[in-house]
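Written out below as structure tokens is the structure these notes cover.
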There are 2 protein chains.
Amino acid sequence: MKKKSIKDIAQELGLSKTTVSFVLNNKGDEKNISKKTQEKILAYVREVNYQPNQIAKSLKKGTTHTIGYLVPDISNPFYAKIGRLIEDVLADKGYHLLIGSTDEKQEKEDALLNMFVNRQVDGLILASTFENLGMLKTLSAQRFPMVFFDREHPDFIGNYILVENKNAMKEAVNTAINKGAKKIGLLSITPNIYSLKLRIDGYRESLVENQLNVDEDLMRIVDNSRIKESTQEELNYLMDKDVDAVVFTNNQITALALWAMNINHKDKIDSVRFVSFDNLDLFDYSNPKVNSIAQPIDSIANHLVDILHEVMQSTERVSKRIVLEPKLIERL
Amino acid sequence: MKKKSIKDIAQELGLSKTTVSFVLNNKGDEKNISKKTQEKILAYVREVNYQPNQIAKSLKKGTTHTIGYLVPDISNPFYAKIGRLIEDVLADKGYHLLIGSTDEKQEKEDALLNMFVNRQVDGLILASTFENLGMLKTLSAQRFPMVFFDREHPDFIGNYILVENKNAMKEAVNTAINKGAKKIGLLSITPNIYSLKLRIDGYRESLVENQLNVDEDLMRIVDNSRIKESTQEELNYLMDKDVDAVVFTNNQITALALWAMNINHKDKIDSVRFVSFDNLDLFDYSNPKVNSIAQPIDSIANHLVDILHEVMQSTERVSKRIVLEPKLIERL
DNA sequence: ATGAAAGCGCTAACAT
DNA sequence: ATGTTAGCGCTTTCAT
């Protein structure tokens, strides 16, 4: 038994597709369809459990009620949580999420962007690598509804929901210094992303302000392509240099360092201070404890959807840049 | 400038839609389109960066190259990771994921199932709550391609990728007992799911086999609707009873208990033994350490896609039940 | 109060 | 070697 279409329903009831369509779309009254016809249709539709084909609807109306969610890695807790929050608020509006992970690779990002566009998503929420501005600029020129978060690119004007990076990092490092840290290393993934650069700047500024030596040798960049091993090596390097604190620029690298720490430097777990941009629930019970800069994910998610919604409505060009305040969570 | 359609391309090149369509779908040779025409089309298409409308394609072909991924919570690391793995292998085949989180609520699950079906997804990968067998059975009767994982329902025949629950749990508890645990509590979310029941059975069997007292009072079920507070209360209860080990039936509850432990029972962190079904990376550096039963997520993801693919191909009814072996990770 | 018909962008059987 | 045409399932304008 094939799926029923509006045509089937109409035939079986001896009505026209038009009438059925009107009623199904709650335009029965407006279109002067008699009460009994309306009831007849609704009853029948319920009886046979008719389900409209959204693809056909989408083709006709040019809108899919689908939003693309493009991030480096949907399994990263930060993106997963924001994804979940977005999913919930979008679902209330009848929108759903098509997802895509880029692994920070431009080719993947481009392919996914094309995919999203071809599938006629109504809008895009993205943590872009910003390596191919061309494509993004083209979309932007076509007024394709997009809202960016987590990262920004100075040369790309668009809608951004961001958090304060530099000052938040500076304050977190200040706190560590006030608590006694004197030799502070830094571990970061490749800072090809502007936000990461800002975080590193914050670290630098704190050292300067506190008259600590800014030692480039203590700022270690891990090799993204072999991130686990590289983190381990660089952490070892820092521990050998006897740093009393390590600053991390995102949650992924902090988690890896926690792992490496438990393997190679158990003895120093209680004497070293970890400071991480991005929070993870596990920092509450990790060993060592971590002071973290928590991004306000609920607020980020809400703003993302709000702005996207606004952009999808309005015909004028919108370019908002909203910067939210992260919160330092002190655990040690 | 509106998006170009095949019709535009055809007109601008003085050809028919058919010819253009054939060439775009690599049927140029097969359909005897001359080399020069083919080249002309391809060059032009590249020049204007024509992008086919997948919605139109989908309507015509009845296939969307979209798979629905329905889970309790996409931000749970277990589902997020499997989601990511699936995304990657599906992307290679040109498929993409539409996601939906149910929060274990039947209404949400039903709504999402309808949504997926209306959007004509080609298949479904689901960790169902199995509270509404009716809907699932209807889909199954229509041969809708579905593969289930993480949970199963004895009354529902379908394709399942599962892990061994009972024996894995039994062995994990045995290990704890061998290492000295004598009074072992259990903390679980509401075991309305068959897999959870099996895990609890495993715990029970281990106690029996080891001639330990099976005390129902030490088997605590938390209230899902206020899971954080409830976990805290129940953990407190068990600690007051002086258990020397606690068994958890999934990662979510273990993570919450770790948090509660660090708030309320710091003193006992080194004397209590945690055993968790499901692994989390953070168990490597959590405090207390946790022995965990790690599900083989890569293998689960691969099987899910393989079987789904198989089901989508074949016209016969397939019902495979694949049970994978989890692995006990000992950390203490 | 209801229906006929066109059309969204694409594919493919069937001409020519 | 290329074109004509019908049709996927729906919405909507314009008739009646």
Side-chain angles (χ1 to χ4, degrees), chain A residues 1-42 44-45 48-66 94 117-122, chain B residues 1-42 44-45 48-66 94 117-122:
Chain A
M1 184 197 74
K2 215 177 131 293
K3 272 199 69 175
K4 283 200 191 313
S5 72
I6 262 198
K7 192 173 156 195
D8 300 322
I9 306 280
Q11 267 167 7
E12 286 156 23
L13 289 174
L15 291 165
S16 77
K17 293 193 297 171
T18 314
T19 309
V20 178
S21 174
F22 283 153
V23 173
L24 290 179
N25 290 291
N26 291 317
K27 292 185 186 157
D29 291 336
E30 177 191 335
K31 298 292 181 178
N32 292 317
I33 310 296
S34 72
K35 277 279 170 251
K36 36 185 94 140
T37 304
Q38 293 202 39
E39 274 157 31
K40 187 162 82 174
I41 292 173
L42 292 176
Y44 189 68
V45 150
V48 302
N49 189 30
Y50 164 76
Q51 299 288 0
N53 181 328
Q54 295 295 341
I55 298 294
K57 210 169 213 170
S58 290
L59 179 59
K60 179 70 201 178
K61 311 249 285 187
T63 143
T64 55
H65 275 66
T66 303
V117 172
N118 296 346
R119 286 169 184 240
Q120 315 283 116
V121 299
D122 294 340
Chain B
M1 183 198 70
K2 214 178 129 296
K3 271 200 69 175
K4 283 199 191 315
S5 74
I6 260 198
K7 192 174 155 193
D8 299 323
I9 306 279
Q11 265 166 8
E12 286 156 23
L13 289 175
L15 290 166
S16 78
K17 293 194 298 171
T18 314
T19 309
V20 177
S21 173
F22 282 154
V23 173
L24 290 179
N25 291 289
N26 292 317
K27 293 185 185 158
D29 291 335
E30 177 190 336
K31 298 291 181 180
N32 292 317
I33 310 296
S34 71
K35 278 276 169 255
K36 36 185 94 137
T37 305
Q38 294 203 39
E39 274 156 30
K40 187 162 82 173
I41 293 173
L42 292 176
Y44 189 68
V45 150
V48 301
N49 189 30
Y50 163 77
Q51 300 287 359
N53 181 328
Q54 295 295 341
I55 298 294
K57 212 172 210 167
S58 291
L59 178 60
K60 177 71 200 177
K61 312 249 287 185
T63 142
T64 55
H65 275 68
T66 303
V117 172
N118 295 347
R119 285 170 185 240
Q120 316 283 116
V121 298
D122 294 339

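Lettering follows sequence order; numbering is per chain, from 1.
- The two atoms that bring Thr64(B) and Asp122(B) nearest to each other are N-OD1, 2.9 Å, heavy atoms only.
- At least one side-chain nitrogen or oxygen of Lys27(B) sits closer than 4.0 Å to the OP1 or OP2 atom of dA12(C).
- Taking both residues in full, the closest heavy atoms of Val20(A) and Ile6(A) are given as CG1-CG1, 4.4 Å, listed atom of the first, atom of the second, then distance.
- Atom P of nucleotide dG3(C) and atom CG of Leu13(A) are separated by 10 Å, given to the nearest angstrom.
- Under the 3.5 Å distance criterion, the side-chain polar atoms of Ser21(B) are left unmatched by any main-chain donor or acceptor of Lys17(B).
- Distances were taken from every side-chain heavy atom of Phe22(A) (C-beta onward) to each of dT12(D), dC10(D), dT2(D); the shortest belongs to dT12(D).
- Ser58(A) comes within contact range of no nucleotide atom at all, as no heavy-atom separation falls under 4.0 Å.
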Do Arg119(B) and Thr66(B) pass the side chain to side chain contact (heavy atoms under 4.5 Å, CB included) test, and can you show the C-alpha distance, the side-chain angles, and the key distance before you say yes or no? CA-CA 9 Å; Arg119(B) 285 170 185 240; Thr66(B) 303; over 6 Å; no
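- Separating the NZ atom of Lys31(A) from the C1' atom of dT16(D) is a distance of 15 Å, rounded to the nearest angstrom.
- Base contact: Asn32(A) has a heavy atom under 4.0 Å from a base atom.
- Between Ile33(B) and Val23(B) the shortest heavy-atom distance is CG2-CG2, 3.9 Å.
- Per the geometry, CD1 belonging to Ile33(B) stands 8 Å off P belonging to dG3(D), to the nearest Å.
- Protein atom CD1 of Ile9(B) is 12 Å distant from nucleotide atom P of dT11(C), rounded to whole Å.
- Each end of the helix from dA1(C)-dT16(D) to dT16(C)-dA1(D) gets its own axis from five base pairs, and the two axes differ in direction by 50°, given to 10 degrees.
- Contact annotation: Asn53(A) does not reach the phosphate of dC8(D) (side-chain N/O to OP1 or OP2, under 4.0 Å).
- The shortest heavy-atom contact between Ile55(A) and Leu59(B) is CG2-N, 3.6 Å.
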Show your reasoning for whether side chain to side chain contact (heavy atoms under 4.5 Å, CB included) applies to Lys4(B) and Glu12(B). CA-CA 10 Å; Lys4(B) 283 199 191 315; Glu12(B) 286 156 23; 3.5 Å; yes
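- Lys57(B) comes within contact range of the sugar-phosphate backbone alone, with a heavy-atom separation under 4.0 Å but no base atom that close.
- Thr37(B) has a side-chain polar atom (N or O) that falls below the 4.0 Å cut-off from OP1 or OP2 of dT2(D).
- Comparing Ala56(A) and Thr18(B) by the nucleotide of DNA chain D whose heavy atom lies nearest to each, the residue mapping closer to the 5' end is Thr18(B).
- Rounded to whole Å, atom C1' of dC10(C) lies 16 Å from atom CG of Asn26(B).
- At the heavy-atom level, Ser5(A) lies under 4.0 Å from the strands shown only through sugar-phosphate atoms.
- Atom pair Leu24(B):CG and dT2(D):C1' shows a separation of 15 Å (rounding to whole Å applied).
- Remark: Tyr50(B) is in phosphate contact with dC10(C), judged by side-chain N or O atoms under 4.0 Å from OP1 or OP2.
- For the OP1/OP2 pair of dG3(C) and a distance below 4.0 Å, the side-chain nitrogens and oxygens of Thr19(A) include at least one atom meeting the criterion.
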Let's go through Val117(B) and Lys3(A) carefully: what are the C-alpha distance in whole Å and the side-chain angles of both, what is the deciding distance for side chain to side chain contact (heavy atoms under 4.5 Å, CB included) to 0.1 Å, and is it a yes or a no? CA-CA 11 Å; Val117(B) 172; Lys3(A) 272 199 69 175; 4.0 Å; yes
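- Nucleic acid contact class of Leu15(B) (heavy atoms, under 4.0 Å, all strands): sugar-phosphate only.
- Protein atom NZ of Lys61(A) is 19 Å distant from nucleotide atom P of dG7(C), rounded to whole Å.
- Contact annotation: Ser16(A) does not reach the phosphate of dT2(C) (side-chain N/O to OP1 or OP2, under 4.0 Å).
- Between Gln51(A) atom CD and dG9(D) atom C1' the separation is 14 Å, expressed in whole Å.
- Within the nucleic acid shown, Gly14(B) comes within 4.0 Å of sugar-phosphate atoms alone, with no base atom in reach, counting heavy atoms only.
- Counting non-hydrogen atoms under 4.0 angstrom, Ser34(A) reaches the backbone sugars and phosphates but no base.
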